Amino acid sequence: MSLPFAQKLETELSNLHNAPKGRLIIQSANHWAVLHSLDVPTRALLEVSSNTYLPKDSLLTETQMAQLSDLSYTQRRRKRSLGKLVPIAGPTHWEQLITELSYVFEDIFQTQTAELDVVFTPEARQDLKNKTLLQSMKKMSQ
């Protein structure tokens with residue numbers, strides 16, 4: 001794990017912890033991870049790329065899928081991603097998360113952390129309050 005990556009990620013995890021509805025994206029050329037802070041930002045939903053959106057030459061092998069499963073990642077969003085809830089309440093949690101994300105990218109996705117882009121967006125999740133519009137959107141999506 002590169003020190004600049006760890007420092008950048010620690011700063012952005014602190015930002016995420018202080019931002020309900022925030023989003024933190026960690027991205028390489030082919031793989032990604034995204035953390036969505038919850039309304040009370042002591043936990044976040046961590047999702048990583050799955051085969052649904054990966055290029056054919058970067059598809060995860062069964063071994064890689066098993067490694068992610070060993071880390072408690074499960075199918076989410078109709079099998080479009082793999083994810084789990086993670087604590088982000090303070091520096092101890094951030095260190096654990098940095099170690100895990102470094103392992104995921106370096107050992108599972110075979111990408112050096114120095115090559116990763118890290119982007120934090122506060123208020124990334126918008127709340128729609130138009131009940132009629134929401135019902136219509138759900139109906140149309142089905």
Side-chain angles (χ1 to χ4, degrees), residues 1-131 133-138 140-142:
M1 159 182 29
S2 74
L3 187 57
F5 170 75
Q7 291 171 333
K8 171 77 170 167
L9 195 52
E10 183 173 12
T11 298
E12 300 303 2
L13 285 168
S14 173
N15 290 337
L16 187 69
H17 168 65
N18 292 310
K21 304 177 187 175
R23 178 178 57 213
L24 177 60
I25 298 173
I26 304 149
Q27 185 173 345
S28 69
N30 294 320
H31 299 95
W32 52 266
V34 62
L35 288 120
H36 304 275
S37 63
L38 303 177
D39 293 336
V40 178
T42 57
R43 294 187 312 158
L45 171 61
L46 169 58
E47 295 180 294
V48 297
S49 50
S50 67
N51 287 340
T52 302
Y53 297 114
L54 292 176
K56 290 188 184 204
D57 62 340
S58 298
L59 293 177
L60 300 176
T61 64
E62 288 193 29
T63 301
Q64 290 169 308
M65 294 290 283
Q67 289 172 307
L68 290 168
S69 179
D70 290 345
L71 293 172
S72 301
Y73 289 87
T74 59
Q75 298 280 339
R76 302 192 58 83
R77 302 181 193 264
R78 297 184 185 157
K79 299 184 179 182
R80 292 185 300 231
S81 71
L82 301 165
K84 64 181 181 176
L85 289 174
V86 294
I88 58 168
T92 302
H93 295 130
W94 305 338
E95 289 174 21
Q96 293 168 348
L97 199 49
I98 291 166
T99 299
E100 180 173 322
L101 287 167
S102 296
Y103 172 74
V104 167
F105 277 96
E106 290 183 342
D107 296 330
I108 298 175
F109 294 157
Q110 300 295 305
T111 301
Q112 295 301 312
T113 55
E115 300 171 9
L116 299 174
D117 292 322
V118 179
V119 179
F120 170 70
T121 307
E123 296 296 321
R125 194 177 62 209
Q126 301 297 318
D127 291 325
L128 291 176
K129 307 230 186 272
N130 186 328
K131 189 174 183 179
L133 176 61
L134 284 173
Q135 288 174 341
S136 296
M137 289 170 59
K138 287 179 183 178
M140 294 301 290
S141 70
Q142 293 172 354

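Computed over heavy atoms, backbone and side chain alike; hydrogens, waters and symmetry mates excluded. Bear in mind the structure is a predicted one, so any value in this text is a computation, not a measurement.
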- Looking only at non-hydrogen atoms, find the nearest pair between Gln110 and Asp107 and report the distance. NE2-O, 2.7 Å

- Query: CD/Glu95 to OG1/Thr99 distance, rounded to the nearest 0.5 angstrom?
  - Reply: 7.5 Å

- So, the side chain of Ser69 versus the backbone of Met65: is there a donor-acceptor pair under 3.5 Å, distance only? no

- Query: Got a sec: does the CD of Gln135 have more than 12 other heavy atoms crowding it under 6.0 Å?
  - Reply: yes

- Dump the intermediate steps for side chain to side chain contact (heavy atoms under 4.5 Å, CB included) on Leu116 and Lys8, then the final yes or no. CA-CA 11 Å; Leu116 299 174; Lys8 171 77 170 167; over 6 Å; no

- Qualifying residue for side chain to side chain contact (heavy atoms under 4.5 Å, CB included) with His31, from Leu54, Ile26, Val104: Leu54

- Message: Contact between Gln75 and Leu82 at the side-chain level, heavy atoms closer than 4.5 Å - yes or no?
- Response: yes

- Query: Crowded around Arg76 CZ? As in, over 12 foreign heavy atoms under 6.0 Å?
  - Reply: yes

- What's the shortest heavy-atom distance between Lys84 and Leu71, and which atoms? NZ-O, 2.6 Å

- Does the side chain of Leu13 come within less than 4.5 Å of Phe120's, by heavy atoms? no

- Item | Closest contact, heavy atoms only, Ser58 versus Asn30 | OG-ND2, 2.8 Å

- Query: Closest heavy-atom contact between Ala44 and Ile88?
  - Reply: CB-CD1, 4.0 Å

- Give, for atom CG of Leu85 and atom NE2 of His36, the distance between the pair rounded to the nearest 0.5 Å. 11.0 Å

- Flag the pair Ile108 / Val48 as yes when at least one side-chain heavy-atom distance between them is below 4.5 Å, and no otherwise. no

- Nearest-0.5 Å distance, CG of residue Leu24 to NE2 of residue His17: 14.0 Å

- Between OG of Ser50 and CG of Leu68, what distance do you get to the nearest 0.5 Å? 10.0 Å

- Please step through side chain to side chain contact (heavy atoms under 4.5 Å, CB included) for the pair Leu35 and Leu101, ending with a clear verdict. CA-CA 11 Å; Leu35 288 120; Leu101 287 167; 4.3 Å; yes

- Any side-chain donor paired with an acceptor under 3.5 Å for Asp70 and Gln67? no

- Message: Return the CG to CG distance between Asp57 and Leu59, rounded to the nearest 0.5 Å.
- Response: 8.0 Å

- Measure the shortest side-chain to side-chain distance between Trp32 and Glu47 over non-hydrogen atoms and say whether it is less than 4.5 angstrom. yes

- Query: Given side chains that start at C-beta, do those of Trp94 and Leu9 come closer than 4.5 Å, heavy atoms only?
  - Reply: no

- Heavy-atom pair with the smallest gap, counting every atom of Gly22 and Ser37: N-OG, 2.7 Å

- Query: Looking at Thr61 and Gln64, what are the two nearest heavy atoms and their distance?
  - Reply: N-OE1, 2.7 Å

- Measure the spacing between CG of Leu97 and OG of Ser102 and express it to the nearest 0.5 Å. 9.5 Å

